[in-house]
Amino acid sequence: MIKLNRRLALSALLAACVGGSTTALADMKALEEAARKEGQVTWYVASIDARNAEAAGRAFTAKYGPKVNVVRAPSQVMFQRLTQDLSQNARNADVFSSVDVGNFVTLKEQGALMAYKPENATRLLPAFQGLDKDGMFHSTVASVIIIAYNKEKMKADEAPQNWTNLLDAKWIGKIALGHPAFSGFAGNWAAQMNKLYGKSFLQRLEKQKPQVGRSLFDAVNLVSSGERLVTAAPIAPILENADKGKPLAVVYPTDGSILVATPSAVLKNAPHPNGAKLFMEFLLGPEFGGILVKARYEAMRADVKPLPGAKSVTEIKTVRPTIEETTKGIPQVAESWRDVFGQ
Amino acid sequence: MSRAPPHRRGDPCGRPRAGTRPAPIEPHRQLRSFDPTTLLWWALVAILVILVVHPLARLVIGSLVDPRTGAFTLANFAAAYGRTRYLVAFGNSLVMGLAVTALCTAVAVPMAWAVSRTDMPGKTLVRILTLGAFITPPYLGALAWILLAGPNAGWLNTAYRAITGADSGLLDIFTFPGLVFIIAIYSYPYLFVFVTAALETVSSEMEDASAILGAAKWRTTLHITLPLALPAILGGAIITFLEAIALFGSPAMIAIPARYNVVTTQMLEFFSYPVRVEVAQAYALPLLAVTVALYLLQQHLIGRRGHVTMTGKGGERRTIALGRWRWIALGGCLFVCTLSVILPFIVIAQAAFAKSWNRGFQHGNFTLDNFIVILFERQATLQSMVNTFWFAAAAASLALGLALAIAYIVHRKLMPWGGVLSFLCLAPFVVPGIVLAIGFYAAYAAWPFALYGTAAIMILAFATRFLPIAYANSAAAIRGINPEMEEAVRILGGGRLTAIRRVVVPLLRRSLIGAWLLVFIPATRELSTAIFLYGPDTRVMSVMLLNLADEGALEAAAALGLVLLVAILVIVLAGYSLLGRDFMVRRSE
């Protein structure tokens, strides 16, 4: 028994020092064993909705054993929680998944991330590899932000075809949006609008009297219930709800859908370090990929096939925000949003 | 809900009588017969320092200190009040509070009059429905009204369009009037309770005098009856105002989409990254000042009692015959109750069992899926239910134990400085939940206590928040026990603690159960304190419900809300069957 423990400790140490790229199958087994001993993983997640996050947690538990404690909130709320934890030395979170890559840049600067290079990171499609040059955070969820509308309440040719169409007078009181100071997708979208169309975009958008929720998932629900007619939202919840029979349809804006690859990272002071690493492998692996494509997120590995009906990102015009744009852009746009919208 | 109960008992201030200074105790006597209550006294002081003094002191000190250097500074106040947006939020809260108070007064005073002074039919029904409004968590009401009066898809707007053929809906809950409405329909019970209690003590003889002198019925009501109830109306109005500006849940759900920033949502912004606790502390202090000032004013108004209405002569109270107006009065009362209770309960129950809330009672829209989601699929919601009830039970027990011990010491004058203890027990009454949470966060989250994210910090904060309710009820109960019974025990050789165990507690059992429930019920639905103090393992149902609503999972949120509501109803009904009809709303002696 003692021998086994020592071997475990050694291999865990080895995995931590050498990094994932050389993690062999045996080390993976050792990691699983060590994770099982820890018994649980706490996942702070913003990039997918709570229902899918819980489903992922259950899949992990079914495969490896440890229970997954899912804590889900919009990106900036989750980030605030995490930084508050860190400032109080409260070791709660093991793995953090947020839509705003700027969160990870900040955490990395603070030395809060573990330098864990997951074995599975190398299996991502090339477009999603190498997000961080030091390999401290990795793309785990991706979706394109598009225009969605309620197809029961309007015809396809009435829908806005590009982002600036949203500023037409006919959409006054008809738009639902997420708040960029809370939602990471909304932050990415607003930052890109700011970059592409200048500061006046926000001011003109305010005149449209959009309904602003804290989470973009709320905006999606507002459009599917017919409370509002159009939204700028990640395509995944739109198609997922359409699959369930909700009256939602998609327009790929002619001036470019916004491709957002959202990262995950293991926390340096993770209370369950082995579980955290194993969970990170899981987030990059094929099972989670399967859950993601079922929820209509992008397929990020070659061995995960998307469901039919959605265009691949290679078929549409996309704009992809850089890390620098997002890191600087989201806080700026959130602040000017609050000034322009008064909340 | 949390503020009203301390005012229920015969003592209108809900505090021990100020004139009862403890008798001085000679030191040598104290030494000669050592009483274990001395130790207890110090323990109680220590607990009160932990629960009340330290968090509030940290709030004040933190606002004046630079968190990095520890030096004195006014920079936090400059940061808190240096931006137009932050000032606007403060102004908005005051305007919102005034509007809510005006609306509640306009609704509750006539209702209270109709229920207590007239021959309106269905009085019991109106009382029961008002109790229903009283126990409904305001954020659940807000959720219901999002489903009812969302500007386009809301039930009422859909119905309006279907009936009139209009293009657009009639109501929009995501506006300033919408916010005022949603807060008012769950705040009016405070005024209702205050004013009915006051009107029930007005003797018909005074009204008869006016009638004999030739005044018409309406003139009598306006010039005699209402002025007699004026202190209660003003007192209730102030409590309503304080409740309204301290609310967090309804503004979070309505004001953010309505783009109407108020103090409590602004506090949340100071808690977003990077967290600026010191600025939040500075921002909270003027709010605290406003509440303390208004509370003192309210005490002054209620305590003054300008008119002698209690003559001790058993004045007759006849009901006023309204004629056919009584049906109109009933219609008005039921209209208010429909808005606050009947419609919201229907829509919450429908959404909880619906695939899509907006498809109404259509065939094929029924599902149990939402309950499966909250009970089985999401571990977090199930855990939050367990947390909710055990935190509330622990907080109620802690608050009641503490309150009872202090009330006993104060009223039996066992120790000097009892007045200070009772003051500390009642002090949290004026602290808005969100401000209390910031004080607790500053005091106990960090080293050396390191209670951040633990169950302990939630329970301690809940216990503190509802300590005034526990104390007011304990004090009233103790006042009702003649000390001679305990003295008999002591004469027969029993100690003080024996007297308490064998005489006081058994005598108080019923009122203690009532007081426990009066803390337990608001603690199960508390949101504003929980929102800053919860951790991943200590989420409660109110927090989960807000999360679900944020995410647009309105059906699941409704299902969770229904579970909470049914649980509260069961507890209230249990209280009724144990303790009688009046245990929640009124205990006039």
Side-chain angles (χ1 to χ4, degrees), chain A residues 42 44 49-51 54-55 57-58 67-74 76-77 79-85 87-90 92-93 103 106 153 173-174 179 181-182 206 209 211-222 224-229 237 244-246 331 338-339 341-343, chain B residues 83-85 88-89 92 146-147 150-154 158 168 172 174 252 255-262 265-266 268-269 271-275 277 355-359 373 377-381 383 441 445-447 450-454 535-537 539 547-554 556:
Chain A
T42 298
Y44 277 19
D49 67 289
R51 204 174 177 175
E54 293 272 7
R58 282 195 301 277
K67 179 181 153 249
V68 181
N69 187 9
V70 175
V71 184
R72 141 84 213 175
Q76 307 305 348
V77 179
F79 179 58
Q80 186 275 120
R81 270 275 144 191
L82 180 62
T83 49
Q84 201 175 324
D85 287 357
S87 72
Q88 301 296 346
N89 277 324
N92 286 326
N103 295 167
T106 310
K153 306 264 174 185
K174 304 254 160 48
H179 196 306
F182 298 97
E206 194 270 335
K209 302 193 181 358
Q211 180 163 337
V212 183
R214 290 214 283 173
S215 165
L216 253 179
F217 295 107
D218 184 33
V220 173
N221 191 62
L222 286 171
S224 90
S225 71
E227 180 52 61
R228 297 282 161 144
L229 297 185
K244 291 179 186 162
K246 299 278 172 88
R338 284 194 143 132
D339 282 337
F341 283 73
Q343 166 62 278
Chain B
R83 287 193 74 146
T84 326
R85 202 169 74 221
V88 167
N92 283 349
I146 290 173
L147 307 183
N152 299 306
T158 313
S168 56
D172 184 353
F174 298 109
I256 290 178
R259 300 200 262 115
Y260 187 84
N261 201 13
V262 294
T265 49
Q266 182 58 45
L268 191 70
E269 191 190 323
F271 261 72
S272 64
Y273 180 82
V275 178
V277 183
K355 286 177 186 154
S356 289
W357 63 268
N358 58 327
R359 277 166 49 204
V373 168
E377 284 192 14
R378 294 198 179 181
Q379 280 174 339
T381 41
Q383 196 198 1
Y441 182 84
W447 189 87
L451 292 184
Y452 172 73
T454 60
D537 298 324
R539 284 173 286 181
N547 275 356
L548 287 169
D550 262 357
E551 229 178 69
L554 299 183

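Letters go in sequence order (proteins before strands), and every chain restarts at 1.
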Residues, nucleotides or ligands: over 12 heavy atoms within 6.0 Å of A:K67 NZ: yes
Side chain to side chain contact (heavy atoms under 4.5 Å, CB included) evaluation trace for A:Q76 with B:S272: CA-CA 7 Å; A:Q76 307 305 348; B:S272 64; over 6 Å; no
Measure [X] against the heavy atoms of chain A and call it side chain, backbone, both or neither at under 4.5 Å.
X      : value
B:R539 : side chain
B:T265 : side chain
B:A549 : backbone
B:R378 : both
B:L548 : neither

Leading residue by heavy atom contact count with chain B [cutoff under 4.5 Å; candidates A:G245, A:S215, A:A181]: A:S215
Best-contacting candidate, A:A50, A:P331, A:P237, against chain B by heavy atom pairs under 4.5 angstrom: A:A50
Donor-acceptor under 3.5 Å (A:R58 side chain, B:E377 main chain): yes
A:Q80 side chain vs B:F271 backbone, donor-acceptor pair below 3.5 Å: yes
Passing option when B:V275 is tested against A:R81, A:Q88, A:Q84 for side-chain contact (heavy atoms from CB on, under 4.5 Å): A:Q84
Test applied, side-chain contact (heavy atoms from CB on, under 4.5 Å); reference residue, B:R259; option that passes from A:R338, A:E206, A:Q211: A:E206
Distance in Å, A:N103 CG paired with B:Y273 OH, rounded so as to fall on 0.5 Å steps: 8.5 Å
Spatial distance of atom CD1 (B:I146) from atom CD (A:E227) [nearest 0.5 Å]: 9.5 Å
Stepwise side chain to side chain contact (heavy atoms under 4.5 Å, CB included) check, B:R83 with A:D339: CA-CA 10 Å; B:R83 287 193 74 146; A:D339 282 337; 3.0 Å; yes
Please find the pair of heavy atoms, one from [X] and one from [Y], that lie closest to each other, and give the distance.
X      : Y      : answer
B:N152 : A:G226 : CB-O, 3.6 Å
A:E54  : B:A380 : OE2-N, 3.7 Å
A:S225 : B:N358 : O-ND2, 2.8 Å

With a 4.5 angstrom heavy-atom cut-off, which part of [X] approaches chain B: side chain, backbone, both or neither?
X      : result
A:K174 : neither
A:V68  : backbone
A:V70  : backbone

Residue among B:A255, B:P257, B:G453 with most heavy-atom pairs under 4.5 Å to chain A: B:P257
Any donor-acceptor N or O pair under 3.5 Å, side chains A:D85, B:Y452: yes
Partner residues of B:D550 under the side-chain contact (heavy atoms from CB on, under 4.5 Å) criterion, sequence neighbours left out: A:R214
Test log, rule side chain to side chain contact (heavy atoms under 4.5 Å, CB included), inputs B:N547 and A:R72: CA-CA 8 Å; B:N547 275 356; A:R72 141 84 213 175; over 6 Å; no
